Amino acid sequence: MDLSSWLQLALVCLIGAMSPGPSLAVVIGNSLSFGRLYGIFTSLGHGVGIGWWAIVTAFGLVGIFSDREGLLLTMQLLGCGLLIYIGIRSVFSNNMVKVVGELDGPLTSTLLIRAWLEGFFLALLNPKIAIFFLAIFSQLVDSSYGWQETGFMGFTAAIIDALWYTVVSIAITGPWLLGFMKKRQIVINRISGIILIIVGVNFFFRTVTELI
């Protein structure tokens, strides 16, 4: 994988992690309910779940689509449509991130394990995440990639996701940022949506160009 392909992968993974949704709401809610460390462990578990989806999706695509060009093309075009749809939905969404109130309680090892599992299963059992990775990796996975390249893609997705939500957990426990995000959530929706639309349109024209 060359640097350009990796940067594109990293950008898409970062945008996917930053897009408002259930994962962001859970990480924020856990951080506010049980504290910064609980939110960080939730973030780490979520990152592992994302990495698992990335690796499984990449390996699956290499094996399933390498000799089925028509199926690969269909999935690529559907993936482009999905990215554009998610982007449009984000642009026109007026929903605000909802958080729960602060709760008191001891932060034991059992709670930290629970936080990690909550993050992991949040990523593992979310069908939208599976579809999102299928759309992205159908554009970025090459049939010539071996386990090293595929594993590196999964590692990249996991690290970016875990780091982003860890930053959110650390920052959101500061009193000033909560007010900042509440005031600017719609703007964040608009920006992330526009970027996803641009990425989807770029993938579409690149796929069509390869057919000509």
Side-chain angles (χ1 to χ4, degrees), residues 1-25 46-47 50-51 53-62 64-97 123 126-145 149-150 152-161 163-165 168 181 184-212:
M1 175 179 289
D2 56 31
L3 179 60
S4 176
S5 297
W6 181 84
L7 289 175
Q8 188 175 37
L9 169 67
L11 176 61
V12 171
C13 289
L14 180 61
I15 294 301
M18 293 176 65
S19 299
S23 297
L24 181 61
H46 194 274
I50 290 295
W53 269 122
I55 292 174
V56 169
T57 303
F59 273 119
L61 285 171
V62 171
I64 295 174
F65 294 141
S66 59
D67 298 322
R68 298 173 175 84
E69 295 183 359
L71 183 58
L72 175 58
L73 175 61
T74 300
M75 294 307 302
Q76 286 177 330
L77 294 177
L78 289 174
C80 295
L82 176 65
L83 291 176
I84 295 172
Y85 165 75
I86 294 175
I88 293 174
R89 187 182 63 184
S90 297
V91 168
F92 290 100
S93 174
N94 292 319
N95 294 330
M96 304 293 288
V97 172
N126 189 340
K128 293 182 179 180
I129 291 179
I131 296 173
F132 187 70
F133 269 102
L134 186 63
I136 294 173
F137 279 72
S138 66
Q139 313 290 335
L140 301 177
V141 175
D142 192 283
S143 59
S144 64
Y145 286 172
E149 291 87 352
T150 304
F152 184 68
M153 292 175 72
F155 179 78
T156 298
I159 291 298
I160 290 176
D161 184 85
L163 284 177
W164 165 250
Y165 284 119
V168 170
M181 289 193 66
R184 295 166 175 81
Q185 186 61 49
I186 293 178
V187 175
I188 295 173
N189 286 350
R190 302 290 190 269
I191 294 175
S192 63
I194 290 172
I195 294 176
L196 282 176
I197 292 172
I198 292 174
V199 171
V201 171
N202 176 63
F203 282 162
F204 174 79
F205 281 109
R206 191 177 71 177
T207 302
V208 172
T209 301
E210 292 176 353
L211 293 175
I212 300 176

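A quick note: this is a predicted structure, and the numbers were derived from the prediction, not measured.
Note that the CD1 atom of I50 and the OH atom of Y165 stand 7.5 Å from one another [nearest 0.5 Å]. Residue W164 holds its CH2 atom at 7.5 Å from CG of L24, rounded to the nearest 0.5 Å. To the nearest 0.5 Å, atoms OG1 (T156) and CG (L7) are separated by 10.5 Å.
Scanning both residues, I194 and V91, for their nearest heavy atoms gives N-CG2, 3.7 Å. Contact between A158 and G51 at its shortest, heavy atoms only, is CB-CA, 3.7 Å.
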